[in-house]
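To start, the structure under review is shown below, and the notes come after it.
Nothing here was measured: the structure is a model prediction, and the numbers come from that model. Chain letters run A, B, ... following the sequence lines, proteins first, then strands; residues in each count from 1.
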Number of protein chains: 2
Amino acid sequence: MARTNTLQYMILGLLTRQQMTGYDIKQIFDKEKAEFWTAPFSQIYPELNRLLESNLIALVKSNDPNTRKKTYQLTSTGKQVFLDWLKKPLDPSVTQLNNDDFVLRLHFLGKDQQGILTKLLKLRSQTLKVEIAQLELELTEVTSHPEQYGRELIIKKELANKKSDELLWHNQISNFS
Amino acid sequence: MARTNTLQYMILGLLTRQQMTGYDIKQIFDKEKAEFWTAPFSQIYPELNRLLESNLIALVKSNDPNTRKKTYQLTSTGKQVFLDWLKKPLDPSVTQLNNDDFVLRLHFLGKDQQGILTKLLKLRSQTLKVEIAQLELELTEVTSHPEQYGRELIIKKELANKKSDELLWHNQISNFS
DNA sequence: CACACCATGTAAGCGGTTACATGATTCC
DNA sequence: GGAATCATGTAACCGCTTACATGGTGTG
């Protein structure tokens, strides 16, 4: 899924909710895994140290001196970097939004950010329409090849999913306005 | 997506259709990309040489001596290795089948392999039912957290997709019997 | 006192991406 | 004759997985 260090933004995103340890982050990844993301400790801890190094997060001073726990919080730079990432698809130069990038961002949006939310839904909806048109074409082609029956089923499945998604986001947008 | 050298099986699968060059394989990957798979030349060519080394594929002797083209065909060992991979989820010890593994296999199944096809559809359908039940639970939990509105939408989307898939495979199985 | 869980890491290896390199053939 | 396409590779890098390593805390 990942291309440009997605884990970094997932961690920053979780830290916008509240301060956490690496262990806490792993718990949340595991719990919310099915919908979007997972990562092992061997990826999380080094990443936290890199984020610390580049001042996107900072250690929370503990009042308990005998704990090994390292609790992290966002710095103001970190907040900004996360927000920039969140809004990146809304840049005018970006004309499409794939499912992974979409879901990753959606995960961190609440009803309070309805502006960004609506724009992302619209962009994703638009991308889906293009993809649906493309798949309709592929479907008409593949039905003339009975030996590719499995592939035909895959296209039908993908089409059904994308149509269902498009309808869901469309209705969501209507709810807001 | 891949865990245990999936590319290897994709190449073998394509070569069950007909003999091909590495260049041909890339073309097909690009054309059928949306549904399942893609790979750059830098991955394909080394993989072909590895497959050649382990005698799963063989060079087709060319009657044109001045071409650089290398056309490959499956060996009998290669055919067997591919079939074993295709049927692996049908092993009694395997009780679930994720979407990636399912789609990858489905892609190479025609109406002539209805036996394997039906079994794979049933296994996938069964896995989906479990995942749907899990997501229903998560949905009731998340609705009490209005700040996680985005996550709620993701769960709704995933639920709709999985229910749609389950219905599609269910109907497919009925068609066959 | 054992077992589960809390808590933080390092090392090796592999699959996949991006960039680089080379040269033939075909079509306008 | 230039551009697109055919055709086959190598090298460097990076993210991710698996395995390994260590030790504290809480509960039955």
(request) For K26(A) and dT17(D), give me the distance from atom NZ to atom C1', rounded to whole Å. (result) 11 Å
(message) Can you tell me if Q73(B) has over 12 outside heavy atoms packed within less than 6.0 Å of its CD?
(response) yes
(request) Do nucleotides 19-26 of chain D as a string where each nucleotide becomes B, S or -: B if the base has a protein heavy atom under 4.0 Å, S if just the sugar-phosphate does, - if no protein is that close. (result) B---BS--
(message) Using only atom types and a distance under 3.5 Å, with no angle test, would you say the side chain of T127(B) pairs donor to acceptor with the backbone of L97(B)?
(response) yes
(message) Check K162(B) with E166(B), please: is the shortest side-chain N to carboxylate O separation under 4.0 Å?
(response) no
(request) Would you mind reading off the distance between E53(A) atom CD and dG9(C) atom P, rounded to a whole angstrom? (result) 13 Å
(request) Mind grabbing the angle between the end helix axes of the helix from dC1(C)-dG28(D) to dC28(C)-dG1(D)? Five pairs an end, 10° rounding. (result) 30°
(request) Specify the separation, in whole Å, of atom CD of Q8(B) and atom P of dC14(C). (result) 14 Å
(message) Are the side chains of I173(B) and K122(B) in contact, using a 4.5 Å heavy-atom criterion?
(response) yes
(message) From the set dT8(D), dG16(C), dT8(C), return the single nucleotide nearest to any side-chain atom of W37(B).
(response) dG16(C)
(message) Using the ring centroid of each side chain, check whether Y9(A) and F108(A) are separated by less than 6.0 Å.
(response) no
(request) Could you tell me whether the side chain of Q148(A) reaches within less than 4.5 Å of the side chain of R17(B), counting heavy atoms only? (result) yes
(message) Both T38(B) and Y23(A) contact DNA chain C. Which one's nearest nucleotide lies toward the 5' end?
(response) Y23(A)
(request) Nearest whole angstrom, please: distance from the C1' of dC14(D) to the CD of Q43(A). (result) 11 Å
(request) With the side chain of N5(A) defined as its heavy atoms from C-beta on, choose the nearest nucleotide among dG15(D), dG9(C), dA7(D). (result) dG15(D)
(request) Measure from OH on Y45(B) to C1' on dT22(C) and round the result to the nearest Å. (result) 13 Å
(request) Rounded to the nearest angstrom, tell me the gap between atom CD in Q27(B) and atom C1' in dC6(D). (result) 9 Å
(request) Whole angstrom is fine here: how far is it from CG in L48(B) over to C1' in dA7(D)? (result) 12 Å
(request) Report yes if at least one side-chain N or O of K70(B) is closer than 4.0 Å to OP1 or OP2 of dG9(D); otherwise report no. (result) yes
(message) K163(B) and salt bridge (charged side-chain N to carboxylate O under 4.0 Å, His left out): which single residue from E158(B), E131(B), E136(B) fits?
(response) E136(B)
(request) Nearest 0.5 Å please: distance from the CD atom of Q134(B) over to the CG atom of L137(B). (result) 6.0 Å
(request) Report yes if the side chains of N99(B) and R124(B) come closer than 4.5 Å at any heavy-atom pair, otherwise no. (result) yes
(message) Please report the distance, rounded to the nearest Å, between CG in L7(A) and P in dC16(D).
(response) 7 Å
